[in-house]
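I have placed the structure first, in the form of structure tokens, so that the comments after it can refer back to it.
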Amino acid sequence: MRGGKGSPDDQNNTIVKLASESGFSCYKNEQNKWRIEPREDGKNWYLLESDERWLLVIEDVPQILFRPSGAIAFIQRWLQT
């Protein structure tokens, strides 16, 4: 992997740990990919693991494909709102 630190699995584990410790719901879907979503009712987005990246899906429409650093920044920014 270019420009990153650690293996993709290590990075994904870091993202899932951050999200879980921050109160997000984190689980593996039927394809064994991580899914991170807010626990609050009425929130219509989730992050879905996609190989070495994370896909932001809003109202079931794919929006942005984040690198791991972008997924971390998204989670941290969400916590500030």
Side-chain angles (χ1 to χ4, degrees):
M1 183 169 97
R2 289 178 265 157
K5 297 186 185 223
S7 72
D9 285 341
D10 289 343
Q11 290 180 341
N12 287 343
N13 288 338
T14 298
I15 292 166
V16 170
K17 181 179 179 192
L18 169 67
S20 179
E21 289 175 351
S22 299
F24 291 87
S25 175
C26 306
Y27 59 92
K28 291 212 172 185
N29 66 9
E30 303 83 26
Q31 291 80 33
N32 203 33
K33 299 290 185 181
W34 281 107
R35 180 173 165 148
I36 298 171
E37 57 190 39
R39 292 186 189 270
E40 300 94 19
D41 289 338
K43 304 301 181 196
N44 55 358
W45 67 266
Y46 59 90
L47 288 170
L48 183 63
E49 176 190 6
S50 179
D51 299 317
E52 295 180 19
R53 304 213 180 196
W54 288 83
L55 181 62
L56 173 63
V57 180
I58 301 173
E59 293 186 3
D60 294 321
V61 178
Q63 301 289 324
I64 301 170
L65 193 58
F66 288 118
R67 288 192 166 104
S69 60
I72 290 169
F74 179 85
I75 291 167
Q76 290 172 332
R77 179 68 181 197
W78 180 264
L79 293 171
Q80 294 174 1
T81 59

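When a residue number appears, it is its place in the shown sequence, counting from 1.
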Partner residues of Glu30 under the side chain to side chain donor-acceptor pair (under 3.5 Å) criterion, sequence neighbours left out = none
What donor-acceptor contacts under 3.5 angstrom involve side-chain atoms of residues 56-66, with partners at least two apart or in another chain?
| unit_1 | atom_1 | unit_2 | atom_2 | d |
| --- | --- | --- | --- | --- |
| Glu59 | OE2 | Asn44 | ND2 | 2.7 |
| Gln63 | NE2 | Val61 | O | 3.2 |

Which heavy atom in Arg39 sits nearest to a heavy atom in Ser25, and how many Å separate them?
-> CG-N, 3.9 Å
Can you name the closest pair of heavy atoms from Pro38 and Lys43 and give their distance?
-> CG-CB, 3.3 Å
Applying side chain to side chain contact (heavy atoms under 4.5 Å, CB included) between Lys33 and each of Asn12, Leu55, Leu48, report the one that passes.
-> Leu48
Taking every non-hydrogen atom, the tightest pair across Ala19 and Cys26 | CB-SG, 3.7 Å
Under the salt bridge (Lys or Arg N to Asp or Glu O under 4.0 Å) test, which residues partner Glu37, sequence neighbours left out?
-> Arg35
Set of side-chain contact (heavy atoms from CB on, under 4.5 Å) partners for Ser22, sequence neighbours left out | Leu18, Phe24, Leu79
Find the distance between OG (Ser69) and CD1 (Ile15) and round it off to the nearest 0.5 Å.
-> 8.5 Å
Single hit among Tyr46, Trp54, Phe74 for side chain to side chain contact (heavy atoms under 4.5 Å, CB included) with Ile36 = Trp54
Glu21: what forms a side-chain contact (heavy atoms from CB on, under 4.5 Å) with it, not counting sequence neighbours?
-> Lys17
Residues Glu40 and Trp78: closest non-hydrogen pair is OE1-NE1, 4.2 Å
Determine whether Ile75 and Leu47 make a side-chain contact, defined as any pair of heavy atoms from C-beta on separated by less than 4.5 Å.
-> yes
Salt bridge (Lys or Arg N to Asp or Glu O under 4.0 Å) partners for Lys28, two or more places apart | none
Spatial distance of atom OG (Ser7) from atom CD (Glu52) [nearest 0.5 Å] = 9.0 Å
